Protein chains: 2
Amino acid sequence: MNRRKAPESKKIILEAAGEVFAERGYSGTTIREVARRAGISIGGIYIYFQNKEELYLELTRDHMESFRKHTEMLRDKEPLAALKSLIEYHLDYAIKKTGLVSMHIKEYDLEFKKNLKKTFFDSQQRLVTDILKNGAAKGIFKDINCKETAEVILFSLRGAILDYLFGQISDLKKYGESLYRLMLNGIRRAA
Amino acid sequence: MNRRKAPESKKIILEAAGEVFAERGYSGTTIREVARRAGISIGGIYIYFQNKEELYLELTRDHMESFRKHTEMLRDKEPLAALKSLIEYHLDYAIKKTGLVSMHIKEYDLEFKKNLKKTFFDSQQRLVTDILKNGAAKGIFKDINCKETAEVILFSLRGAILDYLFGQISDLKKYGESLYRLMLNGIRRAA
DNA sequence: CGTTCACCTGAACATGCGTTCACCCTTCCG
DNA sequence: CGGAAGGGTGAACGCATGTTCAGGTGAACG
């Protein structure tokens, strides 16, 4: 038997689960594997978590909250710098936590995380909208529809990450640069 | 017993499989359900397909080939029109075949369809690159890196579809317009 | 020492899956 | 008529999973 204090056990389980979820996604993850990697028994998991869903939700909540906090800090920057940093943060995150990001895409459907996801996406949307509004007010950006444009920027960013997961592009940061330039200047030659 | 000619049975199975795969994805699809919907027995499926993989591959090959053929026709159009039509074709397809598109994203990983996918993506990449090269030659576009820009356009498009699947945007065509405008003109106010 | 309680165990259960295979019809030919 | 061939059946097999629960085990306390 492997004896520990309750909070420590919980932490160890969460860490193991983080690894396994990242490697195998939600449905691919087995309690047996999490238990094995946490060095605890199958039943031991159920002392701390009602079920697999709860384990997943607790982890996801932590990750999203941490992401949100980091990006919120960009509000203090100048619009152009904020936009660039936001792109970089997203892409760096995708590179460092590829497994987790992949999981969220592959299992975007899961009913029980719907609320969590909506909150997260909306916060990102609000942030970019505010950056654009700020830039428009300062005369840096054109008189665009900020909310709509914010969504376009965000989904393009997510598309880059998707292509990275697909193995279609390898140097993600380079494409972040490209996207940034394209978004600012467009491809059409001025009249 | 439900007696038919072999080719007809095969076709019916493929159609049923198309439905079920679109609804439930690859791993979520059960042979039992495909059989039920095709009005044939479980064993009957295995007369025509070695296994679930083969069923999936045959379907996917058909869909990708049809998509490719339709988009290849855009080569005849003027660059701006071609770009716009390409965006529209992608988005219309995502709207009409949401289930299938969702499946390909959720299960992008599947080892056995890797080649098929790579071929498909590369053909799209080549098409957009050629449209951009054409536009650059005609002086419509700036002197951009066509290959890189093509990829940016494609992943942004895929990002829009992803956001649509996520339920983050509902009027996909509207965002297609936005993306097109943004890609052409950018958001930065001219100096 | 005995008791208690927090912590832990893993075989067992219920479920669901892809796949196999021994067998069954129906048609058609000689 | 016999029998071969094409088309079809679904119970059974092997395996994997989330979850339960009857029962350990160690440490702390009186």
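None of the values given here were measured: they were computed from a predicted structure. Letters go in sequence order (proteins before strands), and every chain restarts at 1.
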- Task: Write down the partner of D:dG30 under the Watson-Crick or G-U wobble criteria, each distance required to be under 3.5 Å.
- Result: C:dC1
- Task: Round to a whole Å and report the spacing from CZ of A:Phe49 to C1' of C:dC8.
- Result: 15 Å
- Note on the structure: Heavy-atom contacts, protein to nucleotides 14-20 of chain D, under 4.0 Å, summarised as B (base), S (sugar-phosphate only) or - (none) per nt, yield ---BBBB
- Nearest whole angstrom, please: distance from the C1' of D:dC21 to the CD1 of A:Ile45. 16 Å
- Message: Measure CD1/A:Ile13 against C1'/C:dC8 and give the value in whole Å, please.
- Response: 10 Å
- Query: Are the charged groups of B:Arg36 and B:Glu33 less than 4.0 angstrom apart, N to O?
  - Reply: yes
- Task: Evaluate the side-chain proximity of A:Met64 to A:Thr60: yes if any heavy-atom separation is below 4.5 Å, no if none is.
- Result: yes
- Query: Looking for any heavy atom pair under 4.0 Å, which part of the strands does B:Tyr48 touch: base, sugar-phosphate only, or nothing?
  - Reply: sugar-phosphate
- Message: Is the ring pair B:Tyr93/B:Phe67 parallel, tilted or perpendicular, if the boundaries are 30 and 60 degrees?
- Response: perpendicular
- A:Arg4 CZ to C:dT9 C1': how many Å, rounded? 13 Å
- Please state how far atom CZ in B:Phe21 lies from atom P in C:dG18, giving the value in whole angstrom units. 9 Å
- Query: Between B:Arg158 and B:Glu151, does at least one N-O distance fall below 4.0 Å, as a salt bridge requires?
  - Reply: yes
- Whole-Å distance between C:dG10 P and A:Arg36 CZ? 14 Å
- Query: Are any of B:Ser9's side-chain N or O atoms less than 4.0 Å away from OP1 or OP2 of D:dG7?
  - Reply: no
- Query: Salt bridge check: are A:Lys113 and A:Glu53 linked by an N-O gap of less than 4.0 Å?
  - Reply: no
- A:Lys5 atom NZ is separated from C:dC7 atom P, nearest whole Å, by 7 Å
- Output field: ring centroids A:Tyr164/A:Tyr175 closer than 6.0 Å: no
- Message: For B:Glu78 and B:Asn134, which I'm curious about, is there any donor-acceptor pair between the side chains at under 3.5 Å?
- Response: no
- Message: How many whole angstroms separate atom CD1 of B:Ile12 from atom C1' of D:dG8?
- Response: 13 Å
